[in-house]
Amino acid sequence: QVQLVESGGGLVQSGGSLRLSCAASGSIISFNGMGWYRQAPGKGRELVARITRAGSTNSANSVKGRFTISRDHAKNTVYLQMNSLNSEDTAVYYCAAERYRESTGWIIDTWGQGTQVTVSS
């Protein structure tokens, strides 16, 4: 089973930027998609952005125009570029390898361990 390791989190001031990386131990092209999720204190985990095997991307309305998901197949790595960060972006960010089924929609195959992003105002 592939393992996912996130990095790049940390403390940043409001308005700043961070780039998260998710390194996979195996090929990511075997998955239907790769996603970034986040979980803020006291809240559920939510999808931030996804990139499909075909290269299509989608993102949550709250991050549109500020966050960009990308990937490097040669490095088996997925990135999340986060700009114009604000306090509402404070959360633990998780990388996920996803599969798609017509009957169930997107399902998570593997989670990373998460990386903390804290935005100070």
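Source: prediction; values computed, not measured.
Minimum interatomic distance between A24 and L4 (heavy atoms only, all atoms of both residues): CB-CD2, 3.7 Å. The minimum heavy-atom distance between S27 and I29, with the atom names listed, is OG-CG2, 3.1 Å. Nearest heavy-atom pair across V48 and V63 is O-CG2, 3.7 Å. Here the closest non-hydrogen pair linking W36 and C22 is CZ2-CB, 3.6 Å. Here the closest heavy-atom approach between residue A96 and residue I108 is recorded as CB-CD1, 3.8 Å.
Residue pairs meeting the ring pair (Phe, Tyr, Trp, His ring centres under 6.0 Å) criterion with at least one partner in residues 46-73, sequence neighbours excluded, are absent. Pairs engaging residues 98-108 under the side chain to side chain donor-acceptor pair (under 3.5 Å) rule: Y37-E98, R50-E98, R99-D109 [sequence neighbours left out]. Legend: salt bridge (Lys or Arg N to Asp or Glu O under 4.0 Å) pairs involving residues 10-20, not counting sequence neighbours: none detected. Residues in residues 26-63 take part in no disulfide bond (SG atoms under 2.5 Å apart) pair, two or more places apart or across chains.
Residues passing the side chain to side chain contact (heavy atoms under 4.5 Å, CB included) test with V117 are L18, L20, M82, Y93, V119, sequence neighbours excluded. Scanning for side-chain hydrogen bond (donor to acceptor under 3.5 Å, both in side chains) contacts around T115 gives an empty result, with sequence neighbours left out. R66 meets the salt bridge (charged side-chain N to carboxylate O under 4.0 Å, His left out) test with D89; sequence neighbours excluded. With sequence neighbours excluded, no residue satisfies side-chain hydrogen bond (donor to acceptor under 3.5 Å, both in side chains) with N76. Every residue meeting the side chain to side chain contact (heavy atoms under 4.5 Å, CB included) condition with Q3, not counting sequence neighbours, appears here in chain and number order: S25. Remark: Q13 pairs with no residue by the side-chain hydrogen bond (donor to acceptor under 3.5 Å, both in side chains) rule, at least two apart or across chains. With sequence neighbours left out, the side chain to side chain contact (heavy atoms under 4.5 Å, CB included) criterion links S7 to S21. Judged as a salt bridge (charged side-chain N to carboxylate O under 4.0 Å, His left out), and not counting sequence neighbours, E88 has no contacts.
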Evaluate T110 against Q1 for side-chain hydrogen bond (donor to acceptor under 3.5 Å, both in side chains), listing each step before the verdict. CA-CA 8 Å; T110 306; Q1 184 176 3; 3.2 Å; yes
Under the side-chain contact (heavy atoms from CB on, under 4.5 Å) rule, what do L47 and N58 come out as? Steps first, then yes or no, please. CA-CA 10 Å; L47 176 67; N58 66 285; 4.0 Å; yes
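In the hydrophobic clustering of this structure, F31 does not group with Y79; members are Ile, Leu, Val, Met, Phe, Trp, Tyr whose side-chain heavy atoms approach within less than 4.5 Å, directly or through other members. At a threshold of 4.5 Å between side-chain heavy atoms, the hydrophobic network of Ile, Leu, Val, Met, Phe, Trp and Tyr places V2 and V78 in one connected group.
The number of heavy atoms from other shown groups lying within 6.0 Å of NZ (K75) does not exceed 12.
Here Q113 contributes atom CD and C95 contributes atom SG; the two are 9.5 Å apart, rounded to the nearest 0.5 Å. The CD1 atom of I51 sits 8.5 Å away from atom OG of S56, with the distance rounded to the nearest 0.5 Å. Rounded to the nearest 0.5 Å, atoms OG1 (T77) and CD1 (I28) are 7.0 Å apart. Expressed to the nearest 0.5 Å, how far CD of E6 lies from CG of L80 amounts to 11.0 Å.
Taking the ring centre of Y94 as origin, the terminal cationic atom of R38 falls outside the region bounded by 6.0 Å and 45° from the ring axis.
Listed for the R53 side chain is no donor-acceptor partner under 3.5 Å among the backbone atoms of M34.
Looking at N83 and S17, their side chains do bring a donor and an acceptor atom within 3.5 Å of each other.
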